[in-house]
Amino acid sequence: MPAGPVVLNVAEKPSVAKEASRALSRNQATYSRGAGGTACWDFSHTVQGTTCQMVFTSVAGHLMSTDFKEPFNKWKSCAPLELFHKPIERYVPANKKVLEANLKAEARRAQWLILWLDCDREGEHICFEVMEVCCGVNRNLRVLRAQFSTLLVGELERALATLRPPNKSEADAVDARQEIDLRSGASFTRFLTLSLQQKFDWSSNLGPTSDKPVISYGPCQFPTLGFIVKRQWEIYAHVAERFWYIHVSHRDGTTGQMCDFEWDRKRLFDRFAAELFFEPCKEDGALATVESVGEKPTYKYPPYPLSTIEFAKKASSFLRIGSQDAMKVAEDLYQAGYISYPRTETDRFSPDFDLRALVGNQTAHPQWGGYASRLLDPGSGLWRDPGNGGHDDKAHPPIHPTKFTAGEPGWDVKKKKVYEFVVRHFLACCSDRAVGSESVIRIDVAGEKFTTRGTAVKARNWLDVYPYRSWSQASLPGLREGEQFKPEVSLKSGFTRPPEKLKETDLIAKMEQHGIGTDATMAQHIETTLKRGYATRDNQTMQFSPMPLGEALVFAYKEMGLDVLWQPLLRAETESQVSNIACGQVSKGIVIEDAIGKTQAQFLKALPQLLVLERSIGHFFKRVDGNPGPSEPPTDARDVLRTMCPLCAQRVVLARNSSTDGRLFRCSQHPHCNHKIALPRATVSVTVRPEKCPRCPREAGVSLVDLRFRRSGIPPGFSVMMQGQCLYCSPAIKELFEACQINNSNEAHNTGPVSRARGSGVSRRSGPSSMPPPPTTRAPPQPQHNNGPPKRRQAFQGSRYAGESTRGSTWQDSNASHTFVTATGQSFGLQNHSRQTLRPSSSGRSGGGSGVCYNCGEGGHFASNCPHPKKRRR
DNA sequence: GCAAGGTC
């Protein structure tokens with residue numbers, strides 16, 4: 001080794017130390033084992049005109065941890081509130097002592113220290129951790145920071161030529177983040193755990209939770225749970241609404257294939273309106289006229305190069321491997337040299353990346369080798385440079401295969417799947433887009449417009465190597481513009497559906513959108529919600545559901561007015577403030593003081609609400625400390641009918657019927673008490689007023705309610721709004737209930753008094769959490785999510801189709817006068833006309849929606865089954 | 001027994 005200053009080079013991980021040494025030394029670096037066996041690479045190199053003895057070694061992520069100083073790191077050393085101000089220390093944990101020893105040994109004999117930590121905020125912080133150790137044993141070290149974005153030799157040489165001091169502001173930003181997270185996490189976690197752990201029977205929380213669960217809070221794990229619970233509550237809150245649409249189909253005379261046309265109006269929530277449009281379409285002689293036949297090229301683009309977040313999402317949705325599991329497998333593959341570093345934000349390849357060599361490595365594979373060969377063949381025209389996803393962490397390339405294997409004997413299924421996916425994704429990235437042709441046929445039937453689309457795939461290209469995506473083809477009938485045919489027309493109906501449970505890919509997307517966690521930690525936060533028994537993941541659908549504990553905690557935070565703790569905004573604010581430190585705009589101390597002050601304020605808000613907390617948890621779990629806990633379910637105040645159940649003297653609460661999905665008020669002791677007041681299925685909203693009924697003789701008085709109904713679901717003549725009504729004595733309510741044939745006589749058997757119900761294992765988990773998902777609904781031809789009432793429906797409210805004149809009739813929603821055909825082919829409708837008493841509207845208008853036939857103007861039937869000759873109306 | 005962020 002030639003003489004010269006000794007330069008200690010430190011990277012963030014061993015692989016970087018090795019690769020940088022190999023590149024800078026032109027493969028001349030020699031390996032040696034430093035203190036504790038840590039890898040060191042020695043070579044000679046010229047740095048800023050001086051020939052130096054380079055020693056390249058590494059740490060493994062953060063060298064130091066942060067915790068409360070003794071004795072406050074012990075759980076019962078102080079009140080949780082005091083953790084907002086108790087002293088914090090940074091120290092090298094036991095598992096990093098070996099690395100520390102190596103750094104000390106090398107630093108003692110070095111003159112320079114060059115920091116090759118990853119060029120991000122955390123890397124900058126690790127720089128200062130390394131400096132603290134190295135400068136602690138050698139005060140004369142000259143410390144410099146290398147800034148690099150790849151491990152290519154040119155980039156590394158450039159970094160050596162542009163060495164700079166490390167950035168204290170960025171490191172301070174990490175300091176602040178660490179302190180804020182530690183203080184808020186530890187204080188709330190100790191508070192929750194110490195307050196609740198011994199008081200409840202947690203055995204009903206099936207999952208990894210022990211008898212004595214740690215009930216943690218964290219600024220990332222809790223918003224993650226919040227996303228899951230919020231979606232579940234949206235599902236509970238969904239009220240299925242019925243809609244109608246005209247379905248047109250045509251059988252191709254040549255191929256015999258059926259072709260479906262979609263109505264331009266999509267769907268209507270007013271049956272009468274839908275029927276009005278439908279009638280002319282189904283009349284004898286109604287022909288479809290082809291208005292236009294169009295064709296245009298269409299493309300499917302290959303995915304961008306693979307970043308960690310996309311990898312986690314795709315592993316979950318394509319491979320059915322959970323994100324944390326997938327990351328673990330990817331880490332193993334990386335360690336064994338089969339794929340590149342799996343923690344990367346980058347989704348673009350740098351222009352000097354030798355993509356073709358990597359593709360060439362794969363040509364021998366029995367499954368995708370042929371495709372790789374074709375990709376390299378210029379004659380195939382298959383090659384296309386990868387797209388640019390717009391992200392670059394300046395530290396790592398996108399995830400790609402680095403070593404060929406046709407499969408290793410020891411690999412399990414997950415490892416095989418992940419390696420195959422990384423290779424196929426990489427090959428797809430380097431491939432040309434898929435090309436197709438989309439045909440669109442628009443037709444007119446009696447003034448209504450319908451459209452059908454078909455796709456012909458011309459060149460699959462990247463899809464050939466990417467079985468995780470498909471492109472379905474659909475051919476259209478050979479119709480020409482102006483051509484007419486007799487369509488098959490039917491009026492179908494369906495119900496809006498609640499949103500789906502969150503899939504892992506949706507959850508990761510939400511976390512990404514709100515800045516919850518980093519690409520490398522999102523999977524860990526998800527895993528934490530599972531490990532803590534807050535949520536579960538279905539391994540088939542990869543959908544998340546809250547566990548009782550998770551739902552109980554979010555509910556409790558909501559009850560205590562601490563929504564900010566489970567919603568994502570707080571984290572975004574912290575990140576924003578921390579970024580201001582990194583930019584040098586504000587000092588670390590100010591940000592910490594501000595953030596800690598705000599979190600402490602939340603804590604102080606929670607502290608006096610221990611009873612609220614316990615009562616909230618008590619809705620989901622049985623107490624074991626002798627305290628009977630609350631008996632009422634977790635209902636919103638506005639959902640409680642302020643009266644006593646006439647059978648058992650308990651509260652009467654708003655609920656949902658599990659079989660019909662209709663709403664009802666029922667006794668809070670259900671199913672042990674059967675008192676109930678069912679509401680019409682068309683009930684859209686229920687508001688309990690603070691005022692009591694002035695006439696009702698009931699002892700405790702009865703709250704008045706405001707009810708709103710769907711126009712199409714209640715008999716004509718009844719208003720869609722009924723305000724200030726008493727459900728027990730209002731004549732208008734009685735009349736409506738009779739018209740809807742709702743029997744609320746409450747003669748059902750009462751199984752016993754309250755004390756018996758309490759002592760017989762009544763689950764207190766009710767309210768939103770006990771509501772079953774809505775029943776399976778019929779599939780209409782377009783997306784089913786209930787995105788709120790369409791404008792179209794609004795337009796019909798208050799129109800002449802909203803009948804007003806047959807008050808007192810026995811018209812009923814379920815007595816459809818029309819035969820409907822569902823999407824599943826089932827037909828249903830009114831057979832027994834005698835159950836209807838329909839009268840002409842008072843205005844005498846024909847075609848009104850108040851029980852009058854659109855065709856003949858008479859009552860007693862609708863136009864679709866009118867016995868009279870057809871009349872043309874418009 | 002607690003957070004989140006690196007990496008093994």
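All chains are named by letter (A, B, ...) in the order of the sequence lines, taking the proteins before the strands, and each is independently numbered beginning at 1.
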### Query
Which part of the nucleic acid, if any, lies within contact of A:Thr66, taking any heavy atom under 4.0 Å across all strands shown: a base, the sugar-phosphate backbone alone, or nothing?
base
### Message
For A:Phe188 and A:Phe84, take the angle between the two ring planes, folded into 0 to 90°, and tell me which bin it lands in: parallel under 30, tilted 30 to 60, perpendicular over 60.
### Response
perpendicular
### Query
Reckon A:Phe191 touches a base, only the sugar-phosphate, or nothing at all at heavy-atom distances under 4.0 Å?
nothing
### Query
Any side chain to side chain donor-acceptor pair (under 3.5 Å) pairs touching residues 600-609 of chain A, not counting sequence neighbours?
A:His85-A:Gln600
### Task
For DNA chain B, find the residues of residues 506-518 of chain A with a heavy-atom distance under 4.0 Å and give them by number; none if there aren't any.
A:Gly517, A:Thr518
### Task
Looking at every strand, decide which applies to A:Glu12 at a 4.0 Å heavy-atom threshold: base, sugar-phosphate, or nothing.
sugar-phosphate
#### Entry: Contact list for residues 171-180 of chain A, test side chain to side chain donor-acceptor pair (under 3.5 Å), sequence neighbours left out
A:Thr66-A:Gln178, A:Arg90-A:Asp175, A:Glu122-A:Arg177, A:His125-A:Asp175, A:Lys168-A:Asp172, A:Asp175-A:Lys588, A:Glu179-A:Arg183
### Query
Base, sugar-phosphate alone, or nothing: which one does A:Phe188 contact when heavy atoms must sit under 4.0 Å apart?
nothing
### Query
Just checking A:His125: base, sugar-phosphate only, or nothing, at a heavy-atom cut-off of under 4.0 Å?
nothing
### Query
When we call it a touch if two heavy atoms are under 4.0 Å apart, what does A:Gly61 touch: a base, just sugar-phosphate, or nothing?
base
### Message
Test of understanding: with salt bridge (Lys or Arg N to Asp or Glu O under 4.0 Å), list the residues that count as partners of A:Lys314, not counting sequence neighbours.
### Response
A:Glu310
### Query
Just wondering, are more than 12 heavy atoms of other shown residues or ligands nearer than 6.0 Å to NZ in A:Lys74?
yes
### Task
Determine, stepwise, if the pair A:Glu527 / A:Lys531 fulfils salt bridge (Lys or Arg N to Asp or Glu O under 4.0 Å).
CA-CA 6 Å; A:Glu527 208 62 24; A:Lys531 192 175 71 185; over 6 Å; no
### Task
List the atom of A:Glu124, the atom of A:Arg145, and the distance in Å for their closest heavy-atom pair.
OE1-NH2, 2.9 Å
### Task
Check every strand shown and say whether A:Pro80 touches a base, only sugar-phosphate, or nothing at a heavy-atom separation below 4.0 Å.
nothing
### Query
What nucleic acid atoms does A:Gln178 come within less than 4.0 Å of, heavy atoms only: base, sugar-phosphate, or nothing?
base
### Query
Counting any heavy atom closer than 4.0 Å, what does A:Asn73 reach on the DNA or RNA strands: base, sugar-phosphate only, or nothing?
base
### Query
In residues 592-605 of chain A, which residues come under 4.0 Å of DNA chain B by heavy atom?
none
### Query
With a non-hydrogen cut-off below 4.0 angstrom, is A:Arg343 in contact with a base, only sugar-phosphate, or nothing?
base
### Positional range of nucleotides in DNA chain B within the contact set of chain A, heavy-atom, under 4.0 Å
B:dG1 to B:dC8
### Query
Quick one: is the NZ or CZ of A:Lys403 closer than 6.0 Å to the six-membered ring centre of A:Tyr338, and within 45° of its axis?
yes
### Summary
Comparing nearest nucleotides in DNA chain B, the 5'-proximal residue of the pair A:Leu63, A:Leu194 is A:Leu194
### Query
Are A:Lys313 and A:Glu504 within salt-bridge range, i.e. N to O under 4.0 Å?
no
### Query
A:Ile126 near the nucleic acid: base, sugar-phosphate alone, or nothing, with a heavy-atom cut-off under 4.0 Å?
nothing
### Query
Base, sugar-phosphate alone, or nothing: which one does A:Arg183 contact when heavy atoms must sit under 4.0 Å apart?
nothing
### Query
Around A:Lys230, counting heavy atoms of other residues, nucleotides and ligands shown, do more than 12 lie under 6.0 Å from its NZ?
no
### Heavy atoms of other groups near A:Lys415 NZ, more than 12 under 6.0 Å
yes
### Query
Taking the six-membered ring of A:Tyr341 as reference, does the NZ or CZ atom of A:Lys13 fall below 6.0 Å from its centre and within a 45° cone about the axis?
yes
### Query
Which part of the nucleic acid, if any, lies within reach of A:Asp118 when heavy atoms closer than 4.0 Å are counted: base, sugar-phosphate only, or nothing?
sugar-phosphate
### Query
On DNA chain B, nearest-nucleotide positions of A:Glu575 versus A:Ala186: which is more 5'?
A:Ala186
